[in-house]
Amino acid sequence: MTRSLLSPEHLALIESGVGVSIASRDGGMLPNLVRALAGRVEPSGELTVFLSGSDGAGVLADLRANGEIAVVFSRPATHRTLQLKGRGVTIARARPADAVLVRQRTEAMVAELESLGYDGRFARVLLSFEPGDLVAVRFRPESAFDQTPGPRAGAALGEPRAAIGEKGAAPGGAGAAAGGAPDAAPAGQEAVATRIPPRPPARLDAIRQCLEGAAPAVIATCAPDGAPNASYLSQVQYVDAQHIALSFQFFNKTRANVLANPRARLVVIDPWRGAMYRLTIRYLRTETQGALFEHMRAMLESIASHTGMAGVFRLLGADVYRVEDIELAHGEPSPAQSGPNRLAALRMAATRIAACNDLNTLLDETLAALHEQLDIAHSMMLLLDRAARRLYTVASRGYSASGVGSEVPLGAGVVGVAVREGTPIRLSRLTEAYAYGRAVREAAAREGLDGAFETEIPFPGLVAPRSQLAVPIRMAGDTVGALLVESGEDMRFGYDDEDALVTLAALLGQTMHVLRQRDEGEPAAVAAVPDAGASTGATGADAATVAAACRDEPIAVSGEPVTVRHYPIDNSVFLDDDYLIKGVAGAVLWALVSDHVTQGRTAFSNRELRLDPRVRLPDVGDNLEARLVLLQRRLVERRACVQVEKSGRGRFCLRVTRPLRLLQVR
C-alpha cells in the first residue's frame, strides 16, 4: 500500500488562509519567485495554486518553458511551513468560482494577520488581486518538505509519489508532462499568455524599511539539477547600497543551492504599504566573524533570550549577497518615510547634552531630548556592572514606575545582548520575531533539545512592547551601558532612528567620560571632624569647604530609629524590613551611614569614596558617579529618611532625618 505523501494536517494547511509563494527557474538556472494567493487540492491528487498573472509574469514564463515548480505554504501565527515540488504544469485563467475561493482564503489570511497585530490595510494590499488577472497553476507534486523553522527544517515528508490526493490517483493530469511545458488548459478554461509589464526600478537604500523583518522575506534558489527551492528567511540585513546579508541558520538546501548556483531571487515586503519588491541577488561569501556577523548574531540572540532558546536558536553565518536588480513586484512604490527631522533633532539634543555639568543632569536631559526632540516616549538608561555581569537601571522616562535599581543580566533580552556584543539591536515587530522564535523552540523540543532552553524572561518596561531599540554606550573605548527605547507600535524605530541613537549614544559616552575625568581630578576633601583631615591627607581648607556646603540648613533628626541592615555577601541594604539597594551602591550607602553614626559626618567627596576599601570599587574604569546617582535616585523614590545630595563638584552631603541603628548581618 502506498503511503500518503501528506497528512490531513498538511492538506488542511494548504486549503486555508496561509501565505503562499511559488518558485521557478529559467533556462539559465536563474530562479524566480512570486507571492501567490491560495492553494487547492484537486480530486485527482493534483494541486492548483492561484496568483496574480501580472505579478507572476516572469514565473509563468519559466513554468511554460520547463515546468519546474516549488510552492511554499506558511501559517503566520505558528510559522508552520510546507514546501511541495513537482513538474508538469498547466496554466489557465481562473474561473469566477475560483476568484470567490481565493477571496475567502485571502480574507481568512487578513484576519489572521490582524490578530497578530498587522494593520488590516497593509494585509489587504499585500493580498490584493484583480479577478480578471487571476491565474490558476496546476501541477502534480512529487515531493514534500517540512520547512517549519527549526533544526530539521527542510526534512522530506514520507516517500515521493505522484500525487497528494486519494490513493490510486491517476499519475498524470490534463496537459501535464513531467519536465515538459504544458500547451493545453483544463477543459473549459482559457490559456493565459505570458505578460511581463514594466516595473519601476528602486534603490536598495530607498527600501530599507522592507528589510526590517516585520514581514518575512522569501528566497528562491535553484539546485544543480534544475529544481527550484523556496524558503522563508528570519533575517535580511541591509549592509550598504549594493549589498545585503541573509541569516544562515537552518535552511541547508538554500545554502547548498547558492554554493552551487550563486544567483537567487528574494521577495521583501514594505511593512507599511504592503508593496513587494523582487531582488535579483548574487551570493558572494559567508562571514562567521566580524562586525556584520556579530550584529546579526546579537539580534537573533536577543530574540532567543526572550524565548528561552540561547544556544539553540543561533546564527551559523551571515551570507553576503550583491544586489544586481530590484523591481516592484506588487502594489505601489513605497513613499519616503515621514517622521521628525533627525538631523535637526540631533542638533538640539547635542546642545542640551553639551550644557550638562554633572551626570545626574545628563541622564535627565538625554531622556528628555529623546522624548521632546525624537518623539520617543519610553526610554531608559542602563549602566554595566562588569564584576557582576549585570546592567542596572539609572534613569527612565515614560513609565508608571521608574525601575531605578532594576537589573538585567548581561546577555539577556535586547539590551543585555546589545551591551554584551557592543552593537545596536532593533526589533521592529516583536510579535512576529517571537512567533518565529517560538516556532523554532517547538521544533527543537520535538527533536529532544528542550533541555537546552533557558527560562523565559519578561520584557522590561512596557508590558507588551511592539518595537525595541537598544544602543550601547561606549566611553573611552569600552562599552559601559546602553540606551533602551521601546514603543507599543509596530515598526516604530527604523534605520534612521538607529543611526540617530547611535550618534546620540556616542556623544553621551564622550560627555560621561569628560565628567568622570573632571570629578576624578578634584582634590580629596572630607568633613571637618576631629582628625579626619589628617587621616585622609585632606587639608583643613578642603574639609572646611565640604563641611560648609552641608551646613546651610540644619536638619532636625526625630522619630523612631530606623534599622539599617547590611548583608556583606552582596552588599544589600535594607531600611527596617524594606529592601533598598545592593552591590557597589549598597556598599557606598553602608560606608556613609557608618561614618555618620560613628563620627557624625554629613559631608563626603567622590575621591575619598573611590579610595575607601569598604566600597571595593570593581576596577578603575567603574563609574562611581553613576553609583551615587543610582543611590540618590533610589533613596528619593523610596522617600527614605536618608538622602544623598550633591553639594559641589565631586562633593555631596548625607541628609538624615531619623535616628539610625546599624546592623551588620553575617
Side-chain angles (χ1 to χ4, degrees), residues 117 208-214 235-238 271-272 291 294-306 337-340 342-343 345-346 349 363 366-384 391 393-399 403 408 411-434 437 457 459-474 479-509:
R208 289 203 302 180
Q209 71 272 18
C210 300
L211 311 181
E212 299 283 2
Q235 193 174 9
V236 180
Q237 176 70 38
Y238 176 88
W272 297 108
E294 295 300 335
H295 177 75
M296 295 181 68
R297 181 170 68 90
M299 289 188 67
L300 289 175
E301 289 192 6
S302 69
I303 299 172
S305 70
H306 279 289
Q337 294 298 300
S338 61
R342 292 164 182 83
L343 189 58
L346 273 176
L363 299 180
T366 298
L367 300 190
L370 287 174
H371 185 200
E372 296 163 18
Q373 269 69 60
L374 287 163
D375 195 29
I376 297 174
H378 302 283
S379 60
M380 64 182 73
M381 187 182 301
L382 301 94
L383 296 179
L384 176 62
L391 295 162
T393 307
V394 291
S396 68
R397 185 181 177 111
Y399 303 104
V408 176
V414 175
V415 69
V417 176
V419 171
R420 186 189 66 192
E421 302 299 334
T423 186
I425 298 176
R426 177 167 45 86
L427 299 178
S428 298
R429 193 188 291 274
L430 288 171
T431 51
E432 171 65 28
Y434 299 136
I457 64 172
F459 285 117
L462 294 178
V463 174
R466 304 293 292 249
S467 303
Q468 289 184 321
L469 169 59
V471 176
I473 301 169
R474 294 182 63 80
T479 300
V480 297
L483 285 172
L484 174 64
V485 298
E486 53 185 4
S487 171
E489 302 174 18
D490 286 326
M491 302 296 299
R492 172 59 183 84
F493 310 115
Y495 281 96
D496 289 343
D497 295 298
E498 180 180 324
D499 292 342
L501 261 70
V502 167
T503 303
L504 189 66
L507 178 60
L508 177 61

Gap between atom CG of Leu370 and atom CG of Asp375 - 0.5 Å precision: 11.0 Å
Which heavy atom in Ala500 sits nearest to a heavy atom in Leu346, and how many Å separate them? O-CD2, 3.4 Å
Gap between atom OG1 of Thr393 and atom CE of Met381 - 0.5 Å precision: 11.0 Å
When rounded to the nearest 0.5 Å, the distance separating CD of Glu421 from CZ of Arg297 is 4.0 Å
Do Glu372 and Arg397 sit within salt-bridge range, that is, some charged N less than 4.0 Å from a carboxylate O? yes
Heavy-atom side-chain proximity of Val394 to Leu382 below 4.5 angstrom: no
Using modelled atom types only, decide if a donor and an acceptor are shared between the side chain of Ser487 and the backbone of Glu489 within a distance under 3.5 Å. yes
Using a 3.5 Å distance criterion without hydrogens, assess whether the side chain of His371 forms a donor-acceptor pair with backbone atoms of Ala377. no
Taking all non-hydrogen atoms of both residues, which atom of Gly509 and which atom of Ile473 are closest, and how far apart? CA-CG2, 3.7 Å
Separation between CG (Leu469) and CG (Leu501), nearest 0.5 Å, reads 5.5 Å
Would the distance check show the side chain of Ser396 and the main-chain N or O of Met380 forming a donor-acceptor pair, the cut-off being under 3.5 Å? no
Looking at OG of Ser379 and CG of Leu483, how far apart are the two atoms once the value is rounded to the nearest 0.5 Å? 7.5 Å
Nearest heavy-atom contact between Val415 and Ala482 is CG2-CB, 3.7 Å
On a heavy-atom basis, the closest approach of Val414 and Ala470 is CG1-CB, 3.5 Å
Where is the tightest heavy-atom contact between Arg426 and Phe493, given as atom of each residue plus distance? CD-O, 3.2 Å
Distance col, row Ile425:CD1 vs Met296:CE, nearest 0.5 angstrom, shows 12.5 Å
With a 4.0 Å cut-off on N to O distance, would you call Arg208 and Asp499 a salt bridge? yes
For Val485 and Arg492, what are the C-alpha separation, side-chain angles and deciding distance, and is it a side-chain contact (heavy atoms from CB on, under 4.5 Å)? CA-CA 10 Å; Val485 298; Arg492 172 59 183 84; over 6 Å; no
Using side-chain hydrogen bond (donor to acceptor under 3.5 Å, both in side chains), reason through Gln209 and Tyr238 one step at a time and then give a plain yes or no. CA-CA 10 Å; Gln209 71 272 18; Tyr238 176 88; over 6 Å; no
Give the intermediate values and the outcome of side-chain contact (heavy atoms from CB on, under 4.5 Å) for residues Thr423 and Glu294. CA-CA 8 Å; Thr423 186; Glu294 295 300 335; 5.7 Å; no
Of the non-hydrogen atoms in Pro424 and Val502, which two are nearest, and what is the gap between them? CG-CG2, 4.0 Å
